[in-house]
Amino acid sequence: MVDLIIAGGHAVIGDAVVQADIAIDAGRIVAIGALTGLPGARRVIDAEGLHVLPGAIDCHVHFRDPGSTYKENWRTGSSAAAAGGVTTVMDMPNTDPPTANREALVRKRERAAALSLVDWGLYGVLDSSSLPHLEALVEDGIAGFKCFMTENTGDLESPDDGVVYEGLERLARLGVRCSVHAENAAIMQHRRRQFIEAGRTDARAHEESRPEVCEIEAIGRVTALAQAACAAVHIAHVSSAGGVQAIRHALAQGVDMTAETCPHYLLFGLPEIDSLSGMVRVNPPIRGGAHADALWAALLDGTIGMIATDHAPHTEEEKRNPDIWQCCRGMIGLETQMPVMLTESQRGRMSLPAYVRWSALAPALAWGLYPRKGHIGVGADADFAIVDMEGAYRIDQSALHSLNRISPWHGRFVTARPVHTLVRGNVVMWDRRVVGEPGWGRGIAPDWRRSSHG
Ligand code: DOR
Ligand code: ZN
């Protein structure tokens with residue numbers, strides 16, 4: 001007798017989509033096969049007509065907690081995750097206090113442990129303030145590090161190259177990967193100053209102030225430092241065709257690196273910048289057109305291994321201002337990623353197994369969570385997004401679960417959606433209603449020896 005069987009669904013297992021029944025006990029997958037060959041179960045979830053995917057692992061979210069809980073908090077952010085089929089989130093360190101030492105980590109961990117519906121990992125920041133604490137943070141179970149090479153919400157320092165290099169050398173010895181916001185700060189600041197002096201406040205000025213060379217140069221610089229330090233890095237939110245080229249170049253040099261892009265870089269462009277203005281102001285900027293094409297190609301050929309959302313909540317007032325420079329940077333995305341990307345899969349952009357590689361397997365591999373997470377296999381955590389591939393609807397931001405729901409995806413027509421979400425065998429969303437308990441989520445325990453590009 002096992003706790004649960006998910007019966008009759010089409011499961012994405014490796015490169016195949018197969019009809020399979022999945023037995024779960026004590027939060028883990030214990031058998032996969034046909035119902036007749038499986039043990040009895042205390043509960044059966046009928047997944048007929050539905051697809052069973054590994055829950056998404058979003059390695060880039062900003063829950064703002066502690067510090068800016070008027071923007072988001074662990075309960076609302078993780079509810080959005082559950083509603084979006086996301087079963088593990090990794091939270092960025094630009095909170096208040098920044099996650100730069102043991103005390104700050106303990107404080108954030110208390111919030112996450114008490115409030116999260118889904119499993120979670122916490123990044124430490126890599127800057128001059130955290131340098132003396134890197135070993136302690138790793139000992140305390142940090143999920144990874146983040147280095148902001150340019151300005152950010154929370155105004156954390158952008159460390160100079162000396163600090164970055166020493167940090168990478170030390171993280172290399174610890175075997176821990178570092179996510180990098182790779183944008184050149186000086187070029188961007190120089191151009192922005194000129195635009196402001198010229199009186200520009202329009203939405204396109206933001207994008208024009210951060211030309212792709214900002215990304216190319218920063219990826220080139222940080223991967224050179226990583227190579228010299230023998231460190232593992234991860235390029236967050238790749239936004240440009242030139243950025244993709246810089247990654248290809250570094251990979252060819254043998255740099256231990258992974259990279260992510262986000263749905264807004266893949267699917268938005270100048271029309272959205274013009275119509276949605278501050279709502280799509282984000283760093284790095286949305287570029288669209290040939291850049292989006294290059295990002296799709298990079299996902300399909302494996303140069304960019306994964307998608308993340310960079311879920312970056314702000315209030316409606318903070319996102320809407322006729323002066324683009326006054327609009328906070330970032331947008332929510334946790335709850336819309338899966339419907340939006342599955343819709344692209346249905347349009348023929350990628351197979352379902354490719355989507356699962358980008359949304360679950362690759363982040364699990366990069367952040368040391370595989371084989372515990374990121375796939376459907378015996379022994380893995382029973383983390384699932386059970387999705388309806390015929391669930392057409394129009395995204396309505398008022399139905400989202402984030403504390404601040406202003407979303408550039410509002411009104412978009414999608415043709416698939418998660419209906420049930422399970423975290424370690426426990427239902428956290430049932431029939432599109434979030435039913436999980438705050439505190440169910442657990443901290444993830446990365447195994448750094450297994451971290452890889454996949
Ligand atoms: O636009 C952004 N906002 N980009 C980032 O990388 C950080 C994020 C935030 O924290 O608001
Ligand atoms: Zn971010």
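Residue numbers count from 1 along this sequence. Just follow the structure's listing: the first ligand is 1, and inside any ligand the first atom is 1.
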Does Asp310 reach ligand 1, in the sense of a heavy atom lying below 4.0 Å from it? yes
Among the N, O or S atoms of Asp310, which one sits nearest to the Zn ion (ligand 2)? OD1
Between Tyr393 and Arg412, is the side-chain contact (heavy atoms from CB on, under 4.5 Å) condition met? List the steps. CA-CA 8 Å; Tyr393 72 110; Arg412 192 176 179 95; over 6 Å; no
Can you tell me if an N/O/S atom from His62 lies under 2.8 Å from the Zn ion (ligand 2)? yes
If we only count N/O pairs under 3.5 Å, is Gly330 in contact with ligand 1? yes
So for ligand 1, is His237 a polar contact partner (N or O within less than 3.5 Å, distance only)? yes
Is Arg64 near ligand 1, meaning one of its heavy atoms is under 4.0 Å from it? yes
Looking at His314, which atoms of ligand 1 are within less than 4.0 Å of one of its heavy atoms? 11 (O)
Does Arg111 make a cation-pi contact with Trp120, if we ask for NZ or CZ under 6.0 Å from the ring centre and within 45° of the axis? no
Give me the nearest non-hydrogen protein atom to atom 3 (N) of ligand 1 as residue plus atom name, then the distance to 0.1 Å. Arg329 O, 3.0 Å
Does ligand 1 have any atom that is closer than 4.0 Å to a heavy atom of Arg281? no
Provide the closest heavy-atom pair for Pro66 versus Thr95 in the form atom of the first, atom of the second, distance. O-CB, 3.3 Å
Can you sort out which atoms of ligand 1 are near Asn283, meaning under 4.0 Å from one of its heavy atoms? 1 (O), 2 (C), 4 (N), 5 (C), 6 (O)
Below 3.5 angstrom, do we get any N/O pair linking Lys146 and ligand 1? no
With a distance cut-off below 6.0 Å to the six-membered ring centre and an angular limit of 45° from the axis, does Arg349 pair with Trp296 as a cation-pi contact? yes
Starting from the C-alpha separation in whole Å, work towards a yes-or-no answer on side-chain contact (heavy atoms from CB on, under 4.5 Å) for Ser116 and Phe63. CA-CA 11 Å; Ser116 187; Phe63 280 178; 5.5 Å; no
Salt bridge check: are Arg204 and Glu208 linked by an N-O gap of less than 4.0 Å? no
Please determine which of Arg210, Met188, His237 meets the side-chain contact (heavy atoms from CB on, under 4.5 Å) test together with Pro284. His237
Arg394 NZ/CZ over Phe413 ring centroid, <6.0 Å and within 45° of normal: no
Do you see an N/O/S atom of His237, backbone or side chain, under 2.8 Å from the Zn ion (ligand 2)? no
Can you pull out the closest protein heavy atom to atom 9 (C) of ligand 1? Residue, atom name and distance to 0.1 Å, please. Thr153 OG1, 3.1 Å
Can you tell me if Asp155 has over 12 outside heavy atoms packed within less than 6.0 Å of its CG? no
Out of curiosity, is Met92 lining ligand 1, as in a heavy atom under 4.0 Å away? no
Arg287 to Tyr265 six-membered ring, cation-pi geometry met (6.0 Å, 45°): no
Could you list which atoms of ligand 1 come closer than 4.0 Å to a heavy atom of Val282? 1 (O)
Below a 4.0 angstrom heavy-atom separation, can you tell me which part of His181, side chain or backbone, both or neither, approaches ligand 1? side chain
